[in-house]
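Quick note on labels: first sequence line is chain A, next is B, and so on, each numbered from 1.
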There are 2 protein chains.
Amino acid sequence: MQQLNRQEVRQRLVAYSLKATHQRIVVYEALLELHGQHPAAEEVFRLLKPANPSISLGTVYKTLDVFAESGLVQRVSSEQGCKRYDANTLAHNHIYCSNTREIIDFEDPELEELLQSYFQRRHMHNFQMQGFAIQLTGNKIDPGNRITITKL
Amino acid sequence: MQQLNRQEVRQRLVAYSLKATHQRIVVYEALLELHGQHPAAEEVFRLLKPANPSISLGTVYKTLDVFAESGLVQRVSSEQGCKRYDANTLAHNHIYCSNTREIIDFEDPELEELLQSYFQRRHMHNFQMQGFAIQLTGNKIDPGNRITITKL
DNA sequence: CTCCCTGCAAAATTTTTGCATCAAT
DNA sequence: ATTGATGCAAAAATTTTGCAGGGAG
């Protein structure tokens with residue numbers, strides 16, 4: 001995720017027709033900082049609170065909801081039973097690790113292209129497709145290390 | 001989803017090393033009946049309760065959890081922030097409708113095969129892949145009708 | 001008979017809501 | 001100045017837990 005300064009965050013909020021309040025700015029910055037972790041509201045709040053002692057948990061909930069509705073961030077599917085968010089609206093593919101319960105983004109342009117052309121050859125009746133995503137499930141061997149994918 | 005009688009449900013529970021209690025049987029039957037709806041615990045409970053007035057909501061929660069841990073049913077990813085379950089452990093592909101908030105199963109053997117062979121040509125470092133799933137997002141045009149997919 | 005499952009109710013967790021006040025445009 | 005966002009606290013919704021009694025193997 002790219003690094004954004006205050007001014008850029010402001011502009012991005014405005015681009016999504018959102019009032020650029022201080023709380024919204026810091027919530028969005030927290031999401032950027034927690035990039036790759038797909039945090040729930042509570043986790044965003046915990047990160048924010050020390051530097052912004054006056055912010056309230058309710059506001060974080062409301063803000064994340066507004067962000068998701070506006071399309072500024074994505075709600076991420078999870079099996080954990082709580083709402084989780086991602087500032088990266090481009091990467092849609094996720095790896096679920098059943099060991100560590102992590103949700104890990106991955107991008108694979110070749111795979112996207114393969115699916116793109118596959119779905120172009122299908123016709124959906126009564127459905128307007130907006131996008132697709134792939135999820136891999138499995139286990140990290142070494143929980144402390146990263147997962148990498150290479151061609152054979 | 002295939003129709004199962006009591007005896008077959010019993011056998012299936014036992015096959016997953018689960019004691020075949022009356023509550024487990026009716027919870028599993030409810031999941032079969034709600035096939036395609038990916039219900040949360042509460043919805044399973046509502047369906048069950050009239051015919052089984054003595055069953056408790058807590059038991060439904062525990063039972064669904066036990067089912068998911070044993071592999072008898074799947075937890076289904078959702079963006080709704082509650083745990084949802086599916087008795088169909090074969091179909092992994094889902095369509096999310098942002099209009100109706102439905103999660104709709106779909107199977108597409110050709111697509112599975114395509115992905116299967118794709119992933120066989122990749123190597124995952126530090127990850128043991130167990131399976132993959134595709135999710136389509138979009139909108140049902142007519143909420144009252146089914147979605148169908150055909151080749152062009 | 002034994003062990004695990006169940007019902008119940010309380011507690012914990014997560015999320016939403018109402019309202020007076022405050023701040024961004 | 002206006003409008004909508006915030007903080008706070010209460011309420012609602014969801015999920016977990018502890019324990020005494022009950023039922024399956």
Review item, nucleotides 14-16 of chain C N/O atoms under 3.5 Å of protein N/O:
| from | atom 1 | to | atom 2 | distance (Å) |
| --- | --- | --- | --- | --- |
| dT15(C) | OP1 | K83(A) | N | 3.0 |
| dT15(C) | OP2 | Y61(A) | OH | 2.7 |
| dT16(C) | OP1 | K83(A) | NZ | 3.2 |

Sort me out a list of protein N/O and nucleotides 22-24 of chain C N/O pairs below 3.5 Å, or just none if empty.
none

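Note on residues 58-69 of chain A: pairs passing side-chain hydrogen bond (donor to acceptor under 3.5 Å, both in side chains), not counting sequence neighbours, are S56(A)-T59(A), D65(A)-R75(A), E69(A)-R75(A). Listed by first and then second residue, the side-chain hydrogen bond (donor to acceptor under 3.5 Å, both in side chains) pairs that reach into residues 136-150 of chain B are H125(A)-T150(B), S98(B)-N139(B), E102(B)-K140(B), D142(B)-N145(B), sequence neighbours excluded.
Note that CE of M124(B) is 5.0 Å distant from CG of L136(A), once rounded to the nearest 0.5 Å.
Counting heavy atoms from C-beta outward, L115(A) and I134(B) have side chains that approach closer than 4.5 Å.
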Task: Test side-chain contact (heavy atoms from CB on, under 4.5 Å) applied to L34(A) and Y85(A), step by step - done: CA-CA 10 Å; L34(A) 292 171; Y85(A) 298 85; over 6 Å; no

- [ ] For the pair F106(A) and I104(A), evaluate side-chain contact (heavy atoms from CB on, under 4.5 Å) and give the outcome as yes or no after the intermediate values.
- [x] CA-CA 6 Å; F106(A) 77 98; I104(A) 300 153; 5.7 Å; no

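With a 4.5 Å cut-off between side-chain heavy atoms of Ile, Leu, Val, Met, Phe, Trp and Tyr, the cluster of V14(B) takes in none. Side-chain heavy-atom separations under 4.5 angstrom define the hydrophobic clusters, and the remaining members of the one that includes V76(A) are Y96(A), I103(A).
Qualifying side chain to side chain donor-acceptor pair (under 3.5 Å) partners for Y16(A), counting only residues two or more places apart in sequence or in other chains: none.
P39(A) and L31(A) get closest at one heavy-atom pair: CG-CD2, 3.8 Å.
Of the residues in residues 48-56 of chain B, those lying under 4.0 Å from DNA chain C by heavy-atom distance are S54(B), I55(B), S56(B).
Looking at H35(A), Q74(A), H38(A) one by one, the single match for side-chain hydrogen bond (donor to acceptor under 3.5 Å, both in side chains) with D86(A) turns out to be H38(A). Y118(A) pairs in a side-chain hydrogen bond (donor to acceptor under 3.5 Å, both in side chains) with only one of the listed residues (Q120(A), R122(A), R121(A)), which is R122(A).
For the helix from dC1(C)-dG25(D) to dT25(C)-dA1(D), the angle separating the two terminal helix axes comes to 50°, with each axis derived from five pairs and the value rounded to 10°.
Q135(A) and H92(B) share no donor-acceptor pair across their side chains, judged by distance under 3.5 Å alone.
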Below 3.5 Å, can you tabulate the donor-acceptor pairs from side chains in residues 41-51 of chain A to any protein atom, sequence neighbours excluded?
| from | atom 1 | to | atom 2 | distance (Å) |
| --- | --- | --- | --- | --- |
| E43(A) | OE1 | A40(A) | N | 2.6 |
| K49(A) | NZ | P53(A) | O | 2.6 |
| K49(A) | NZ | I55(A) | O | 3.1 |

Side-chain donor-acceptor pairs of residues 19-27 of chain B under 3.5 Å, sequence neighbours excluded:
| from | atom 1 | to | atom 2 | distance (Å) |
| --- | --- | --- | --- | --- |
| T21(B) | OG1 | R24(B) | N | 3.2 |
| R24(B) | NH1 | K19(B) | O | 3.3 |

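One can place CZ of F45(B) at 11 Å from C1' of dG7(C), the figure rounded to the nearest angstrom.
Taking the 5' to 3' direction, DNA chain D first and last meets chain B under 4.0 angstrom from a heavy atom at dT14(D) to dG25(D).
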